[in-house]
S.K.: 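The structure is given below, and queries will be raised subsequently.
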Amino acid sequence: METEAITDLVGRGNREGAGLFRDWFTELDETASGGGQAAYVFVMGSINEVLKTFDLPVVFPEINSLQTAVRRVAHEYLDEAEDYGYSPDICGYVKADVATQLRGGEHPMGQIPPPALSVLTNACNTYIKWAEIWERMYDCPTFTLDVPGTRQAGGQTWPGDADFEADRKYVEVQLNELINVCEAVTGRKFDIDKFREVLGYANTMSRSWNRILELNAARPALFNALTDGTIFLGVANGFRGTAEGARYFERLVEEMEYKAANGIGTAIDEQYRLLFVGVPCYPIFRRFNELFTDWGGTFVNSTYLWFASGGTNRGFEYDLADPIASLAEGVLVSVRDAMDAMFHQNEVLVDMAEEFGADGVIYHPIKSCRTVSTGLADGRRSLAKERDIPTLFIESDMMDRRVVSEAQMKNRIDAFFEGLASRRQQALAGSKG
Ligand code: SF4
């Protein structure tokens with residue numbers, strides 16, 4: 001690798017991720033102005049693999065909504081949806097999307113096209129009610145993929161088990177139905193060779209995402225799971241099954257391998273390694289992160305990087321010789337994993353804490369999202385029984401700045417770090433004595 005290329009390597013993933021994000025929204029804007037078709041999908045089970053085979057641009061309303069918060073205009077969208085009649089206590093992502101639709105697709109990143117169809121899974125019950133809104137607004141087809149989840153914590157079944165094979169068949173039949181719906185909507189025949197090509201790109205991405213997460217166990221951590229991780233997630237969702245997405249992730253692995261080999265971490269002097277549980281506080285995203293990094297805290301991993309990538313963290317790779325059955329298996333394993341990262345996250349956290357040498361776990365339940373937040377208090381208690389690891393529980397929202405109190409959060413976070421510092425001092429004193 002040339003010296004000049006090495007200088008460019010560190011931070012390349014963030015720069016290229018931002019560029020791809022702009023390209024994605026430009027494509028959506030052009031689709032909207034040209035009257036083209038687009039599919040509305042969700043992060044937990046987008047089934048991009050099928051949609052990209054039909055060359056359908058994909059709209060992730062969850063990502064559009066969080067972008068309004070990051071760009072500090074979410075309150076305008078929430079107010080509009082509430083004035084229209086939506087309750088203040090439902091998912092903020094839904095309300096920001098409703099306002100986007102009421103504005104005819106107007107969004108800070110460009111024009112969002114209306115749906116030609118929507119595809120959803122049962123990973124969040126809000127998805128189902130949300131898609132019904134588009135059905136009413138646009139009279140578009142809605143396809144719900146029912147993915148069997150884990151029946152009991154630690155009780156997952158695997159290929160070869162009779163229960164798993166029955167579940168796989170159940171998903172496969174539904175995927176064939178989805179292909180029929182796509183053919184009817186687009187007027188195009190399903191091209192199995194193109195599908196294999198798309199799956200190949202998705203394989204590269206899954207393998208790479210798995211490797212990137214694994215590499216972040218390095219000391220210091222190579223990237224911040226909260227901030228940098230959100231950029232990587234955006235690409236993982238929007239470009240899954242595409243040549244650009246596969247190439248981006250291969251190059252990201254290259255960057256992370258280089259950083260690991262040379263001991264290059266994030267921009268801060270890492271003092272404490274943290275895990276994050278929940279959804280970030282997007283209305284004050286940068287400041288929220290600084291409340292931790294100011295103390296030398298780095299987020300080394302999160303349950304968000306698992307469930308918001310639809311379970312791509314698993315590194316599942318499709319068998320191109322039997323593509324539809326293999327997609328069914330991959331969806332089953334990955335979407336189930338995404339659901340487990342929300343509903344059975346204790347097993348995940350115990351392993352993560354060990355593997356990543358975590359000093360603390362930050363729980364961030366949010367008003368808007370009951371799917372992710374319900375049960376976090378119990379989860380925290382249960383983790384405390386299993387592991388002697390400090391935890392912090394702070395509540396706010398991922399969209400609604402009315403329930404975000406920076407001063408209150410800062411007090412709690414400062415006290416948490418003071419506790420971590422004194423715990424470290426006591427451990428040091430103990431080891432000397
Ligand atoms: S309730 Fe939570 S998981 Fe469901 S759509 Fe809203 S933010 Fe996403």
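Numbering of ligands and ligand atoms starts at 1, following listing order.
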S.K.: Show which atoms of ligand 1 fall inside a sub-4.0 Å distance from at least one heavy-atom site of E62.
M.R.: 8 (Fe)
S.K.: Hey, which atoms in ligand 1 end up nearer than 4.0 Å to a heavy atom of M398?
M.R.: 7 (S)
S.K.: At less than 4.0 angstrom from any non-hydrogen atom of Y93, what atoms of ligand 1 do you find?
M.R.: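 It comes down to these atoms of ligand 1: 7 (S).
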S.K.: Going by the angle between their ring planes, with limits at 30° and 60°, are F292 and F417 parallel, tilted or perpendicular?
M.R.: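 It falls in the perpendicular class, over 60°.
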S.K.: Would you mind listing which atoms of ligand 1 come within a distance below 4.0 Å of any non-hydrogen atom of T126?
M.R.: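 Contacts of ligand 1 toward T126, numbered from 1: 1 (S), 4 (Fe).
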S.K.: Give a yes/no answer: is there an N/O/S atom of C91 under 2.8 Å from atom 6 (Fe) of ligand 1?
M.R.: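 Yes, since at least one N, O or S atom of C91 sits under 2.8 Å from atom 6 (Fe) of ligand 1.
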S.K.: What is the closest protein heavy atom to atom 4 (Fe) of ligand 1, and at what distance does it sit?
M.R.: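 So the nearest neighbour among protein heavy atoms is C124 SG, 2.2 Å.
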S.K.: Of H364, E406, K410, which meets side-chain contact (heavy atoms from CB on, under 4.5 Å) against F288?
M.R.: H364
S.K.: Would you check if F25 and H107 make a side-chain contact, meaning some heavy-atom pair closer than 4.5 Å?
M.R.: yes
S.K.: I want to check something: taking the side chain as every heavy atom from C-beta on, are M342 and T371 in contact at a cut-off of under 4.5 Å?
M.R.: yes
S.K.: Measure the acute angle between the ring planes of F232 and Y248, then classify it against the limits of 30° and 60° as parallel, tilted or perpendicular.
M.R.: tilted
S.K.: Confirm or rule out an N/O/S atom of C369, from backbone or side chain, lying less than 2.8 Å from atom 2 (Fe) of ligand 1.
M.R.: yes
S.K.: Report the part of Y127 (side chain from C-beta onward, or backbone N, CA, C, O) that has a heavy atom under 4.0 Å from ligand 1; answer both or neither where that applies.
M.R.: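 Just the side chain.
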S.K.: Evaluate the side-chain proximity of L145 to L178: yes if any heavy-atom separation is below 4.5 Å, no if none is.
M.R.: no
